[in-house]
Amino acid sequence: MAKKLDDITNRRLTVIPFKRPDKPKQTRIFTPTCGCGAEAEWEVYDTLQPHCTRHKNEAMTSTIKPFVRPIGGFDDAS
């Protein structure tokens, strides 16, 4: 508590700067990508790993032929 009038008049107001929140980021619809970074078009192997066409063809050349299907196909409930 101030004892003198000078203590009250000389007191400075402390200003704390306020940063506005950034604009919300745009949400992207999820698109699966291959391990190389390209957009995936195929699900390969039993674990349904996303692969691009180049890597799907590479997987098909192995001695054990993997399960391959286009992404989003064959499992609709209709």
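Reckoned from all heavy atoms, side chains included, excluding hydrogens, waters and symmetry mates.
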Apply side chain to side chain donor-acceptor pair (under 3.5 Å) to T53 and list each qualifying residue two or more places apart in sequence or on a separate chain.
E41, W42

Could you please spell out the steps behind the side-chain contact (heavy atoms from CB on, under 4.5 Å) verdict for L48 and R69?
CA-CA 9 Å; L48 303 178; R69 71 177 188 177; 3.6 Å; yes

Are any non-hydrogen side-chain atoms of P32 and I71 less than 4.5 angstrom apart?
yes

Give the minimum heavy-atom separation between V44 and A59, together with the two atoms involved.
CG1-CB, 4.0 Å

So, using side chain to side chain donor-acceptor pair (under 3.5 Å) as the criterion, who are the partners of E39 when residues are at least two apart?
none

Side-chain donor or acceptor of K65 paired with backbone N/O of M60 under 3.5 Å
yes

T61: partners by side chain to side chain donor-acceptor pair (under 3.5 Å), with sequence neighbours left out:
none

In this structure, NE2 of H51 is separated from SG of C36 (nearest 0.5 Å) by 9.5 Å

Taking every non-hydrogen atom, the tightest pair across A40 and P50:
CB-CB, 3.5 Å

